[in-house]
Student: 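Okay, handing you the structure first.
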Amino acid sequence: MASSEPPTASQASLSSVDGVADDLAGTTLSKKQAKKLAKKEAKEERKQQTSASATAAQDDSAEADPFAANYGEVPIEEIQSKAVSGRVWTEIGALEGQLSGQSVLIRGVAQTIRPVSKKMAFLVLRQFTSTVQCVLSVDKESVSPQMVKFATVLNKESIVDVEGIISVPKDPITGTTQQVEVQIKKLYCVNRSVPNLPINIEDAARSEKDFEKAEQTGVQLVRVGQDTRLNYRVLDIRTPANQAIFRIQCHVEDVFRRFLRSEGFVGIHSPKLIAGSSEGGAAVFKLDYKGQPACLAQSPQLYKQMAICGGFGRVFEVGSVFRAEDSYTHRHLCEFVGLDVEMEIKEHYFEVCDIVDRLFVAIFDDLNENCKTELDAINRQYPFEPLKYLRKTLKLTFEEGIQMLKEAGVEVDPLGDLNTETERKLGRLVREKYDTDFYILCRYPLAVRPFYTMPCYDNPAYSNSFDVFIRGEEIISGAQRIHLPELLTTRAEACGIDVKTISSYIDSFRYGAPPHGGFGVGLERVVMLFCALNNIRKTSLFPRDPQRLTP
């Protein structure tokens with residue numbers, strides 16, 4: 001009678017050898033080679049049997065755990081929009097002491113996982129800039145040792161759902177933003193991250209003070225370099241400081257829009273593919289446009305002026321700006337977000353300066369009043385002094401600025417532009433004398449301004465233009481524009497611009513154009529300087545500079 005027992009590994013191996021040898025009869029393989037192949041097959045079979053046994057053991061364990069339904073990996077079908085449960089979710093930042101004793105459902109990132117014993121573990125969950133400590137402890141109602149084990153083998157940065165009860169510990173919690181704990185009753189992994197991350201968020205979130213303390217105690221900490229951060233930007237922007245930076249950036253844009261709308265401005269969107277240079281010079285990205293030469297717009301300058309000629313009166317735009325400059329500095333990018341404004345002038349271009357004054361005071365006030373949490377998060381990693389600004393913004397002429405520099409022993413060309421170092425020096429002098437980090441410098445030399453800038457009435461060597469500075473660095477260029485087509489043509493030719501490429505722009509002033517002026521500012525630069533950050537790449541979500549096109 002044939003046995004029903006499966007063959008042993010050795011029997012299977014011998015049988016396999018004979019079978020392989022028979023199959024290979026008449027081929028070039030030797031019996032020794034066939035035996036080697038049979039061993040390989042037997043090894044694979046044993047591996048499969050071991051895997052099956054482990055799976056069965058897991059199934060038995062799950063069956064033995066009365067609380068198995070309270071934890072585990074979420075099946076993919078459950079996150080494929082299978083159903084609307086009606087469950088109520090709570091943001092981690094909203095977990096406060098008044099919720100003590102209540103059950104909450106939260107989703108967050110597993111920032112840290114700390115096993116205490118087989119019956120207890122701590123998890124810190126992060127959502128945006130907020131963190132909360134979650135406690136998993138074996139009990140007779142919902143938590144098993146297997147559940148604790150499941151939690152301790154989660155990978156950092158995995159996405160998890162937690163259902164638990166809010167409690168308020170006796171002692172303050174130092175490692176999280178929220179001063180409550182969540183007593184976990186259910187724990188599910190929505191998406192498991194890889195076990196070895198290219199960047200540890202704890203490393204990326206450290207401040208210089210952390211490194212100084214570690215050096216004093218002889219502890220070696222990992223420093224994440226700028227290139228590494230940008231190479232793995234999707235992880236880098238998870239740090240609390242970066243989360244805060246881009247929330248503040250969003251806030252600046254929002255206040256910019258709201259203020260201008262309240263002042264009667266209309267939002268527009270101008271083309272970014274144009275036939276000729278919008279600023280003059282060679283720093284343009286050239287491309288082929290259906291067989292025609294074209295370039296990416298260096299600013300919406302020409303089109304926002306044409307919108308004024310079109311009768312809109314006051315316009316603004318928020319959009320991408322492209323500069324092909326080979327500038328390897330802390331404050332230049334090849335692509336940035338431009339905040340642009342253009343408006344009719346009734347009598348004097350200081351009307352534009354007045355908008356700048358009130359707009360930025362409104363932005364600064366709003367950030368200080370409504371972004372305290374975000375500013376604190378940035379301050380913890382990148383400490384900075386609050387920006388000093390006056391209720392009525394200081395306005396100096398370029399000549400007055402040059403005189404201040406000369407009195408301080410700095411020699412500057414009176415009809416030339418200011419370089420980065422002289423701008424910073426002037427910023428320090430202005431702060432010492434006027435106690436402000438924010439000021440306007442007007443009446444720049446005409447030779448250093450774009451072709452469309454209106455010359456001064458009393459001295460053609462100067463122009464009706466201005467720059468605005470924060471902490472000694474320029475953030476805004478503005479001016480009254482030339483609205484007379486003959487003068488505009490003369491200035492364009494003097495600046496080496498092919499008038500044919502901007503003929504539609506010049507022609508727009510032949511049909512009746514009001515005096516007007518405006519300005520442009522880089523969103524990333526505003527945030528960088530308000531928060532006193534040392535590199536504009538910190539305020540660009542996915543920066544583009546002369547060396548970086550990915551990610």
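Values below: every heavy atom of this structure, side chains too, minus hydrogens, waters and symmetry copies.
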Student: Test E317 against every option in I268, V266, V341 by the side chain to side chain contact (heavy atoms under 4.5 Å, CB included) rule and name the one that passes.
Tutor: I268
Student: Check this for me: does any side-chain nitrogen of one of R391 and D365 sit under 4.0 Å from a carboxylate oxygen of the other?
Tutor: yes
Student: Judged by modelled atom types alone, do Q111 and T131 share a side-chain donor-acceptor pair under 3.5 Å?
Tutor: no
Student: Using side-chain heavy atoms (C-beta onward) and a distance below 4.5 Å, is R537 in contact with D545?
Tutor: yes
Student: Looking at the rings of F530 and F384, which for Trp means the six-membered one, are their centres under 6.0 Å apart?
Tutor: no
Student: Could you tell me whether a side-chain N or O of N231 sits under 3.5 Å from a main-chain N or O of D227, the two making a donor and an acceptor?
Tutor: yes
Student: Below 6.0 angstrom between ring centroids: does that apply to Y434 and Y439?
Tutor: no
Student: Determine, for R428 against E421, whether the closest basic-nitrogen to carboxylate-oxygen distance falls under 4.0 angstrom.
Tutor: yes
Student: For the pair R331 and E473, find out whether any cationic side-chain nitrogen is under 4.0 Å from an anionic carboxylate oxygen.
Tutor: yes
Student: Do E73 and F150 come close enough that some side-chain heavy atom pair is under 4.5 Å?
Tutor: yes
Student: Less than 6.0 angstrom from the centroid, inside 45 degrees of the normal: does R223 satisfy that with respect to the ring of F211?
Tutor: yes
Student: Out of R424, R431, K388, which one pairs with D437 under the salt bridge (charged side-chain N to carboxylate O under 4.0 Å, His left out) rule?
Tutor: R431
Student: Counting N and O atoms only, with roles assigned by atom type, does the side chain of K372 sit under 3.5 Å from a partner on the main chain of N368, one being a donor and the other an acceptor?
Tutor: yes
Student: Taking L333's backbone N and O only, do any of them form a donor-acceptor pair with E325's side chain (distance below 3.5 Å, no angle check)?
Tutor: no
Student: Can you name the one residue among I165, I173, T176 that meets side chain to side chain contact (heavy atoms under 4.5 Å, CB included) with E181?
Tutor: I173
Student: Tell me whether R257 forms a cation-pi arrangement with F316, defined as NZ or CZ under 6.0 Å from the six-membered ring centre and within 45 degrees of its axis.
Tutor: no
Student: Does E335 come within less than 4.0 Å of R323, counting only side-chain N to carboxylate O?
Tutor: no
Student: Would you mind checking if R358 and E263 are paired as a salt bridge, meaning a charged N to carboxylate O distance below 4.0 Å?
Tutor: yes
Student: Are the side chain of Q243 and the backbone of I237 linked by a donor-acceptor contact shorter than 3.5 Å?
Tutor: yes
Student: Measure from the side-chain N and O atoms of R229 to the backbone N and O of L235, and report whether any donor-acceptor pair falls under 3.5 Å.
Tutor: no
